[in-house]
Amino acid sequence: MLSATYEGKDAPSGCMRHTRVELLDEITTWAYGTTGPKIHWLSGLPGTGKSSIASSIADSLASSGMPVASFFISRQSSQRRDLTNIICTLSYTLARHSPAARACVTAAVRQDQDIAELNHSVQVKRLLTDPINAITSSLDESAIIIIDALDECEDVSELVGSDILGAMFPIICASARGAVKLLITSRLEPIICSSFSNSFLELGSNQTCEVRLHEVESSKVQDDIAKFFRAELASLRQRRSLPETWPTEEDLRELLNRSGALFLYAATVVRHLREPQYSPQSRLEELLRTPNTQNLSVDDESPYQRLDQLYLDIL
């Protein structure tokens with residue numbers, strides 16, 4: 001299902017240029033490192049930009065020549081939240097870029113052409129862990145596997161369980177010279193936190209790392225959201241021939257205050273203002289005229305309240 005990979009038509013857009021620079025650099029350095037953790041878990045509250053970061057990393061690494069196997073899960077699509085599709089697509093994209101993995105996957109399919117109908121633990125062994133072992137055994141191959149939005153999988157408890165990710169973790173951590181690495185993103189759902197806490201404890205802190213996006217310094221996040229607003233609204237102003245004074249600095253400050261640390265809030269506002277049948281100026285005035293009743297601080301951990309208020313304001 002190539003539409004769900006980083007280069008597919010359904011992949012999320014990456015980060016805007018000049019935003020998230022420090023975090024993207026850190027993950028890129030980790031991806032190329034030959035020592036250190038093999039598994040990177042990027043977690044965070046809804047709307048903090050996990051998928052955009054994963055998309056940017058996948059595109060950047062692939063552009064520089066690193067083999068990338070990816071899947072962007074989405075609860076909005078029955079096919080993109082299906083576990084068999086996730087396993088088979090990761091296997092196929094891994095085989096596309098790695099001769100060692102390709103030979104392994106080809107042999108598995110020839111041995112059993114109905115492998116997609118077998119149970120998931122068998123699929124994972126023949127289509128993922130065996131090919132990962134093949135890459136590790138090769139002296140000159142490497143790859144990164146990126147799975148975005150684990151929490152949106154239809155069978156999330158099985159995905160994070162011992163037969164799938166639980167089976168992949170030790171194989172990846174045993175790979176010499178960091179030949180294969182795994183980047184995963186998710187919300188902090190209890191089932192995921194519990195499973196990963198146990199798995200990471202067994203693997204050891206030197207093999208895994210976690211970054212929680214909502215704990216990144218708020219001033220850095222606000223700076224990036226400000227860049228996003230300025231760039232997007234300047235583009236809108238030019239396309240719609242609006243006054244150079246729009247939006248005002250006071251408008252921007254209020255938008256930043258309401259966005260908090262949520263890129264999703266900022267992106268939703270911009271989409272709302274872009275609708276061609278309406279005046280961006282009038283829409284922004286109406287939006288900002290609505291009291292910020294939640295009165296939430298930049299560092300709050302109540303993203304649903306922010307988004308709920310925004311959706312109420314624009315409906």
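Excluded from the calculations below are hydrogen atoms, water molecules and symmetry mates; all remaining heavy atoms, backbone and side chain alike, are included. One-based numbering along the sequence shown.
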Please name all residues satisfying side-chain hydrogen bond (donor to acceptor under 3.5 Å, both in side chains) with Gln123, sequence neighbours left out, ordered by chain then number. none
Please enumerate all residues that pass side-chain contact (heavy atoms from CB on, under 4.5 Å) together with Gln238, with sequence neighbours excluded. none
Supply the atom-to-atom distance Ile87 CD1 to Leu128 CG, rounded to the nearest 0.5 angstrom. 6.5 Å
Would you kindly say whether Ser235 and Arg239 are connected by a side-chain donor-acceptor distance under 3.5 Å? yes
All side-chain hydrogen bond (donor to acceptor under 3.5 Å, both in side chains) counterparts of Arg96, not counting sequence neighbours: Glu7
With side-chain contact (heavy atoms from CB on, under 4.5 Å) as the criterion, how do Ile164 and His120 come out once you've worked through the C-alpha distance, each side chain's angles and the decisive distance to 0.1 Å? CA-CA 7 Å; Ile164 302 181; His120 292 140; 4.1 Å; yes
Write out all pairs satisfying salt bridge (Lys or Arg N to Asp or Glu O under 4.0 Å) with one or both partners inside residues 141-151, taking only residues at least two apart or from two chains. Arg75-Asp151, Asp151-Arg187
For Tyr6 versus Ala11, what's the shortest heavy-atom pair and its separation? O-CB, 3.5 Å
Apart from Leu201 itself, which Ile, Leu, Val, Met, Phe, Trp or Tyr residues share its cluster (side-chain heavy atoms under 4.5 Å, direct or through members)? none
Among Leu273, Val269, Asp251, Leu242, which residue satisfies the side-chain contact (heavy atoms from CB on, under 4.5 Å) criterion with Leu233? Leu273
side-chain hydrogen bond (donor to acceptor under 3.5 Å, both in side chains) with Thr93: which residues, sequence neighbours excluded? none
Step by step, would you call Glu158 with Leu83 a side-chain contact (heavy atoms from CB on, under 4.5 Å)? CA-CA 9 Å; Glu158 186 178 1; Leu83 198 43; 3.7 Å; yes
Just jot down the side-chain contact (heavy atoms from CB on, under 4.5 Å) partners of Tyr278, sequence neighbours excluded, or say none. Glu275, Arg283
In Å and rounded to the nearest 0.5 Å, what is the CZ to OG1 distance from Phe169 to Thr129? 13.5 Å
Derivation and outcome, side-chain contact (heavy atoms from CB on, under 4.5 Å), residues Val124 and Met168: CA-CA 8 Å; Val124 168; Met168 292 171 62; 4.1 Å; yes
Sequence neighbours excluded, which residues qualify as side-chain hydrogen bond (donor to acceptor under 3.5 Å, both in side chains) partners of Ser74? none
For Glu154, give me all partners under salt bridge (charged side-chain N to carboxylate O under 4.0 Å, His left out), at least two apart in sequence or on another chain. Arg81
Of all heavy-atom pairs between Ser138 and Asp140, which one has the smallest distance, and what is that distance? OG-OD1, 3.0 Å
Using the side chain to side chain donor-acceptor pair (under 3.5 Å) definition, which of the options Arg237, Arg274, Arg271, Lys227 pairs with Glu232? Arg274
Given the rule in the side-chain contact (heavy atoms from CB on, under 4.5 Å) test, do Val221 and Phe263 qualify, once you have shown the distances and angles that lead to the verdict? CA-CA 9 Å; Val221 179; Phe263 274 87; 4.1 Å; yes
With a cutoff of under 4.5 Å between side-chain heavy atoms, which Ile, Leu, Val, Met, Phe, Trp and Tyr residues group with Tyr92? Leu2
Approximate separation, where rounding is to 0.5 Å, of Ile192 CD1 and Leu150 CG: 5.0 Å
For Ile135 and Ala143, work out which heavy atoms get closest and say how close. CD1-CB, 4.2 Å
Considering residues at least two apart in sequence or located in another chain, which fulfil the salt bridge (charged side-chain N to carboxylate O under 4.0 Å, His left out) criterion with Glu22? Lys220
Search all heavy atoms of Leu213 against all heavy atoms of Thr48 and return the closest pair with its distance. CD1-O, 3.6 Å
Residues which pass ring-ring contact (aromatic ring centres under 6.0 Å, His included) with His40, listed by chain and number, not counting sequence neighbours: Trp30
Give the C-alpha distance, both sets of side-chain angles, the deciding distance and a yes or no for side-chain hydrogen bond (donor to acceptor under 3.5 Å, both in side chains) between Ser186 and Trp41. CA-CA 8 Å; Ser186 78; Trp41 179 26; 3.0 Å; yes
Heavy-atom pair with the smallest gap, counting every atom of Ile144 and Ala31: CD1-CB, 4.1 Å
Quick one: OG on Ser197 to CD on Glu210, what's the gap to the nearest 0.5 Å? 9.5 Å
Ala266 and Ile225 have their tightest heavy-atom pair at CB-CG2, 3.9 Å
